[in-house]
Structures are given as structure tokens and as C-alpha cells.
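To start, the structure under review is shown below, and the notes come after it.
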Amino acid sequence: MEPFQWLQMLSSQLNPTFIFGVVVVYGFSQGLSGSFFKVVTDYYWKDVQKVQPSAVQLYMGLYYIPWVMKPIWGLFTDVFPVRGYKRRPYFIVAGVLGCVSALMIALLGKVPIAVALSCLIGITAGVAIADVTIDACIAKNSIEIRALAPDMQSLCGFCSSLGALIGYSSSGFFVHHLGPQAGLYVSLVLLAVPPALLIVLGFVIYEVRSTSLQSEKKKAVEGLQIALRGMSKTIKLPQVWKPSLYMYLSLALSISTHEGHFYWYTDPKAGPAFSQEFVGIIYAVGALASIAGVLIYQKALKNCPFRSLILYAQLLYGMSGMLDLTFVLRWNLALGIPDYFFVIAEECVTRIISRIRWMPMIVLSTRLCPLGIEGTFFALLMCIDSLGALSSKWGGGVLLHLFHVTRTDFTNLWLVILIRNFLRFATLGLIFLVPRGDQTDSLIPSDVLTANSAASLDDDGLELVPVKETSEEVQLLIDEK
């Protein structure tokens, strides 16, 4: 009953519609929709469009463009209310954009690469806008009730992993039994369901409408100026730019070789020739392992200092990369370990460590946001992360191309993985950029933290937490649970 007691505690301290928003955005939009998107598009580019793995990495890098634009979405949600509402309209916009993009590519049939890529980017844009809007709520809650910041990230991680588990379990079935193209179209129709829930969320989330509609434009301009000044002042602080730089470099240096792996282990000659259903099972087990990573973080690691936790997580992350090298060189067969067993074990280890490595960095990001521009600034930090992921994808694509890893030639894939693992270990030399503080500490000066809050108190009607509840009382309640 402990998980239910924990959810009950969160619901009592946070507005229930906020909890519903986290479930919709992280569970359905990112978890379920994202897992369908990943599996089906992998096979779509490989089997329908016949694209080389290095080119697919380039296309996947373009998926991150809406995420790189998160500061723009954040500015809109913070300083440009629509008819008195700051959050509701953007959930609706995200839902409409996602629905239209998914249905277009599903109903148009086989389309040129440019058109397909545009529709797929439209789907990710809808997810990104919804993510920025709910993240603004999370950042504000994390500032007002610091003791709940790790718990909110645990809730987000759990919802995302559970949605991914369901999506991965079913997406492989669709691709296997319907084929990559038909499976893609069926899955894209299903991808319209989470955006529809976002539209519903836009109507039901609790938000008080501003009564000063006649001065909205003036306030928007003033709010934009305050937000830009606040962002400029905050990002210049060493307590902010140093961890931001680390988050970017830790992602960018860990170059992605996913498409090289995917083409290799589905190849009938060079690799183990895994079926579509088994690929879905691999990802589903990985999602289950991510849930385990969330539980480990929530139960044992959420009170650890940032620097120590990220240091050991990065060290384990580099060591886990050696499992990929062992698999590609087929040393597992020399040890008597079957491919099916080894890849499942490898996915479990990698996903648990990745989740433990990622969650403190997200909590750290929420601790760096000033009040009043929390949506914009958190979006800026997530934009930095998206740039890191984009650099990782394109860097991996360039490396795959330079070492001539193609649809049928995987001779140098092991060398690409070895270089990737070396870069993961090299990231340990940057750990001095991460602050030593605990995950509940205030990391930026109090004058910067609240400098922008006064300008937004009058028209920020989204009640997400009880105003009278203090951080100390919440911490006592958490300890009691």
C-alpha cells in the first residue's frame, strides 16, 4: 500500500489536476506515445524508406528541433496569457498539433521523406509544448515546496516508464503482424489519442482566469522584458552556468550509436537477427528497468548530494557501455551466454543506470529556476539538454559515417562503441561543474530566486499547491509516510 499512500500524500499537497496533468503528459504523451514513435519509426526508416543508419541519426536529430525551441514555448506560457489563461491554451494547442500531424501521415499513406519528416516533427512539437507547460508547473512547485522536488521527479519518471512499458510491449506486436508500413499507420492513428487527452487536460486543469484582460498586452510586454532580464541575470551566475554546461557536455559527449545497434541486431547475417516482436520486448523490459531505477532513486538516493550521486552514476554509465562492446564482438557467446539473455540483461542494467543518472540532473534543473520565470528558465535548461541530445545524435551519425557503418557493413561498429565509451569516462573530468549541495538545498541566491515573482503574482492564477503549507511541514509528512 506504500505507493498508494505516497500518491495520496502528493494529491493532498498538490492540486489533483496537476497530478492528472503529469500522468497525461509524462505517462501518455511522452511514455506511451514516445515508445510507439520510437519502435515504429525505426522500422519505417529501415524497411520502408531504406535509409542508411547515419542518415536516420540525422533525421532523428531533427526531432529535437521542437525541444530546442522550448525557451520560446516557455516564454509564451509565462508572459503571453490567452484570454486570461497562462497554461490551459497551450495544452490545447499541443493536443491539436499532435492530433493533426499524426492523422495526416496516417491518412496520406506513403509520402516523400520530407513530408513524413515534417509530420513526425509536428508530433514531437506537440509533445514538447505540453512538456514545457507541465514543467513550468513542476518547477514552480519545486521552488515553493522544496521537499517535494525529488518526489515530483519520481512521479514523472514512473509515469513515463510505465507508459513506455505499455507502448513498447504493444508496438512490436503491431509492426510484426502488420508489417512496418501498415504497423506505422495503425500506430500513428493510436498516436492521436494522447494529444486528444491533452486537449481534455486544457479544459479541466484548475486555473483562475485573470480579470484584467484589458491590460493583457501591456502586461505581456512588461513580463517579456522581466523574463529576459531575469534569464540573463540568472544564467550568468556560476551556480547556474556551471551545472548547465555539465548537463550539456555529459549528453553531447555520450554520442548515440543507437541506429548502428538497431541495424546490426536486426540483420540476419551479421547480427543475431532479432524479430520485430522481440525488439519491442527488449524496449519493454528496458522501460520496466527504468521503473526500477525510479524506485531505487526514490527509496535510496533522493537525499544524496548532487555531485556524489552524479559522479558515481556517470562512472557506472561508462562501465555499462562496455556491455554493448561485449555484445557486438560476440564475446557473450564465447562465455556461453545466449544473445537473447544477454541483450535483456544489458538493457536492464543500462536503463536503470541511465534513469539514476538522469533524475538528479532534472531535480538540479528545477533548483536553478527563479520564481516568476520558472517556466521560461526551466525550458531554457531543458533546451540545453535537448541541444546535448541533438549533438549526441548527430555526433554518432558522423562517427558511423566516418567508420563506414552501413545497412550491411558493421565491421567497424565495435570501434565506434569503444570511442563512445571513452567519451563517457572522459565526462568524469567535468564533475567539478556540479554543485555539492543536497537535492533540497536552495542553490541560487534568495534575491535572484524571488526577483521576478512579484510581477507574476497578480495574474498567475494557476493554483498548484496550498499556499499555507510550508516545506518543513511537507518534509515531516513525507517522513511520516
Side-chain angles (χ1 to χ4, degrees), residues 16-42 44 60 63-67 69-70 73 77 87-108 116 118-138 152 155-175 178 183-205 280 283-284 286-288 290-291 294 379 382 386:
T17 57
F18 166 73
I19 303 297
F20 176 66
V22 170
V23 172
V24 170
V25 175
Y26 278 90
F28 286 92
S29 185
Q30 292 191 32
L32 181 64
S33 177
S35 57
F36 261 94
F37 190 88
K38 177 181 174 62
V39 173
V40 178
T41 54
D42 273 346
Y44 176 73
M60 288 188 169
Y63 296 165
Y64 287 96
I65 289 178
W67 296 89
M69 296 173 64
K70 285 181 72 171
W73 316 137
T77 62
R87 312 298 186 201
R88 283 185 168 187
Y90 296 101
F91 284 123
I92 296 173
V93 168
V96 171
L97 181 59
C99 278
V100 171
S101 299
L103 292 176
M104 275 186 62
I105 191 171
L107 298 176
L108 290 177
S118 299
C119 292
L120 296 177
I121 292 174
I123 295 173
T124 61
V127 178
I129 295 171
D131 179 77
V132 168
T133 310
I134 198 66
D135 280 349
C137 305
I138 294 171
M152 281 185 275
L155 177 63
C156 295
F158 176 78
C159 292
S160 176
S161 298
L162 183 61
L165 172 63
I166 298 171
Y168 285 136
S169 301
S170 52
S171 57
F173 172 84
F174 282 116
V175 176
L178 300 178
L184 172 72
Y185 299 145
V186 171
S187 298
L188 285 171
V189 172
L190 295 176
L191 282 178
V193 176
L197 290 176
L198 290 176
I199 298 175
V200 174
L201 175 64
F203 286 102
V204 303
I205 192 168
Y283 293 150
L288 194 60
S290 290
I291 297 176
V294 172
M382 292 299 98
S386 297

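All values below come from the heavy atoms of this structure, side chains included, with hydrogens, waters and symmetry mates left out. In this text, all values refer to a predicted model and were calculated from it rather than measured experimentally.
Note that the CD1 atom of Ile123 and the CG atom of Leu120 stand 5.5 Å from one another [nearest 0.5 Å]. Here the straight-line distance linking atom CG of Asp135 with atom CE of Met152 works out to 11.0 Å at 0.5 Å rounding. Remark: Phe18 CZ to Arg87 CZ distance equals 11.0 Å, nearest 0.5 Å. With rounding to the nearest 0.5 angstrom, the CD1 atom of Ile205 is 5.0 Å from the OG1 atom of Thr17.
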Show me the side-chain donor-acceptor pairs of residues 159-166 shorter than 3.5 Å, one per line, residues at least two apart or across chains.
residue : atom : partner : partner atom : Å
Ser161  : OG   : Gly157  : O            : 2.9
Ser161  : OG   : Arg355  : NH2          : 3.0

Residues 28-36, side-chain donor-acceptor partners within the protein, below 3.5 Å, at least two apart:
residue : atom : partner : partner atom : Å
Gln30   : NE2  : Asp131  : OD1          : 2.5
Ser35   : OG   : Gly31   : O            : 3.0
Ser35   : OG   : Leu32   : O            : 2.8

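Evaluation of the side-chain contact (heavy atoms from CB on, under 4.5 Å) rule for Val100 yields Val96, Met104 as partners, not counting sequence neighbours. Every residue two or more places apart in sequence or in another chain was checked for a ring-ring contact (aromatic ring centres under 6.0 Å, His included) with Tyr90, and none qualifies. Residues passing the side-chain contact (heavy atoms from CB on, under 4.5 Å) test with Ile65, sequence neighbours excluded: Leu62, Met69. Tyr63 pairs by the ring-ring contact (aromatic ring centres under 6.0 Å, His included) definition with Phe37, not counting sequence neighbours. Residues that satisfy the side-chain contact (heavy atoms from CB on, under 4.5 Å) test with Pro66, not counting sequence neighbours, are Ile121, Thr124, Ala125, Ala128. Listed by chain and residue number, nothing satisfies the salt bridge (charged side-chain N to carboxylate O under 4.0 Å, His left out) test with Asp42 (two or more places apart in sequence, or in another chain).
Looking only at side-chain heavy atoms (C-beta outward), Ile129 and Leu97 come within less than 4.5 Å of each other.
Taking the ring axis of Tyr168 as reference, the NZ or CZ atom of Lys38 does not stay both within 45° of it and closer than 6.0 Å to the ring centre.
Of all heavy-atom pairs spanning Gly21 and Ile134, the tightest one is C-CD1, 3.8 Å.
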